[in-house]
Protein chains: 2
Amino acid sequence: MTGQSAGAPTRRPTRQQLAVAAALGQTEDFVSAQQLHARLRGDGNPIGLATVYRCLAALAAVGRLDVLRTDDGEAVYRQCSTDHHHHLVCRICGRTVEVAGPTVESWAESVAREHGFRDVRHTIEIVGTCATC
Amino acid sequence: MTGQSAGAPTRRPTRQQLAVAAALGQTEDFVSAQQLHARLRGDGNPIGLATVYRCLAALAAVGRLDVLRTDDGEAVYRQCSTDHHHHLVCRICGRTVEVAGPTVESWAESVAREHGFRDVRHTIEIVGTCATC
DNA sequence: ACGGAAATGAGAATCATTGTCAACCCGCGG
DNA sequence: CCGCGGGTTGACAATGATTCTCATTTCCGT
């Protein structure tokens with residue numbers, strides 16, 4: 001080991017990794033590896049599915065991504081960001097409304113701290129039947 | 001439809017269903033369908049894996065079970081302690097704490113109503129690093 | 001430019017979960 | 001008590017996301 005200090009074992013930069021990082025930067029929503037893979041290809045970025053998984057795993061390992069599981073077990077990723085919002089989804093027509101909630105933000109924050117948790121991050125999804133359905 | 005009032009569509013009781021319910025009642029920990037299946041068989045309760053999944057799904061549908069996903073995507077179930085609550089999960093060790101929040105409950109309720117949504121249901125997951133990690 | 005190591009990609013392998021469908025069991029009517 | 005109809009079961013196939021394998025390609029220091 002020469003100069004390279006320990007810690008974040010940065011991967012060797014490649015076109016694919018940049019593409020994955022860029023794609024993640026273009027949205028605030030959670031995306032699954034499969035969606036990301038499809039999107040990249042659609043945008044003219046040839047990339048293998050396995051590579052997408054590897055890049056996501058690497059980014060998540062360094063703490064640059066939030067990872068969580070959807071109800072059907074698919075893993076979804078999102079770039080760690082400060083500003084975010086939540087979704088109100090109609091279970092019939094799928095209409096989605098973005099909602100911000102300073103109330104919950106602080107609630108989550110305090111509940112977590114109360115239990116000694118740090119680096120808190122949360123996900124909230126509200127599902128209901130919208131007015132027109 | 002004769003007299004049968006709507007609501008909880010209780011399934012016809014069978015040995016297998018009782019076994020699953022009993023097994024769930026014996027522990028407060030989260031168990032995966034696979035574990036439950038193995039345990040039941042070990043206890044001399046012949047039961048099919050598909051049936052275990054069906055029973056769990058049925059119980060969860062009626063709201064008698066809490067369901068969440070482990071980091072590797074396996075679904076784990078636990079008998080609902082009492083009422084509605086959410087989870088605070090440690091991203092390192094996976095420790096889980098149940099938290100109740102009248103605050104969020106009403107917040108979600110009002111935000112949804114504000115947008116004309118009915119039959120609201122929500123999911124909240126708070127992830128952080130717990131004190132001991 | 002060269003060599004070695006890390007990264008990639010195509011496809012196979014894995015594994016939890018769901019679907020299929022014939023055999024089975026439960027409760028009700030006769 | 002016996003038989004019937006339909007919900008339930010179980011063995012196995014099918015699905016789908018994720019991981020593994022390994023030959024090939026790309027990057028980086030020399």
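Between the NE2 atom of B/His37 and the C1' atom of C/dC15 there is a distance of 15 Å, given to the nearest Å. Here D/dT9 presents its C1' atom at 14 Å from CG of B/Asn45, a figure rounded to the nearest Å. Spacing between atom CG of A/Leu56 and atom P of D/dT18 amounts to 9 Å, rounded to whole angstrom units. C/dT17 atom P lies 15 Å from atom CD of A/Glu74, rounded to whole Å. Between the CD1 atom of A/Ile47 and the P atom of D/dT26 there is a distance of 14 Å, rounded to whole Å. Rounded to whole Å, the distance from CZ on B/Arg12 to P on C/dG27 is 8 Å. Atom-to-atom, CZ of A/Arg69 to C1' of C/dT17 comes out at 13 Å; the value is rounded to the nearest Å.
For D/dT9, the OP1/OP2 oxygens have a side-chain nitrogen or oxygen of B/Arg11 closer than 4.0 Å. Within the 4.0 Å cut-off from OP1 or OP2 of C/dT17, at least one side-chain nitrogen or oxygen of B/Tyr53 is found. For B/Ser32, no side-chain nitrogen or oxygen approaches OP1 or OP2 of C/dA16 to under 4.0 Å. For A/Thr51 and C/dG9, the shortest distance from a side-chain N or O to OP1 or OP2 is below 4.0 Å.
Listed nucleotides D/dT18, C/dT17, C/dG4 differ in distance to A/Ala33; the shortest reach to its side chain belongs to D/dT18. Side chain of B/Ala50, nearest nucleotide from C/dA16, D/dC12, C/dG9: D/dC12. Listed candidates were C/dC25, C/dA7, C/dG9. Nearest to the side chain of A/Gln17 is C/dA7. With C/dT8, D/dT18, C/dG27 as the candidates, the nucleotide lying closest to the side chain of A/Ala75 is D/dT18. Relative to the side chain of A/Arg54, the nucleotides D/dC27, C/dT17, C/dT8 differ in distance, and C/dT8 lies closest.
Between B/Leu49 and A/Arg41, it is A/Arg41 whose nearest contact on DNA chain C lies nearer the 5' terminus. Sequence order on DNA chain C of the closest nucleotides to B/Gly73 and B/Thr14 puts B/Gly73 first from the 5' end.
Contact between B/Cys90 and B/Cys130 at its shortest, heavy atoms only, is SG-N, 3.4 Å.
Using a 4.0 Å heavy-atom distance criterion, B/Gln16 is classed as a sugar-phosphate-only contact.
Using a 30° and 60° split on the angle between ring planes, B/His86 and A/Trp107 fall in the perpendicular class, above 60°.
In the model, A/His122 has a side-chain atom that pairs as donor or acceptor with a side-chain atom of A/Glu105 under 3.5 Å. Between the side chains of A/Tyr77 and A/Gln35, no donor-acceptor pair of N or O atoms lies under 3.5 Å. A donor atom on one side chain and an acceptor atom on the other are found under 3.5 Å apart for A/Ser32 and A/Glu74.
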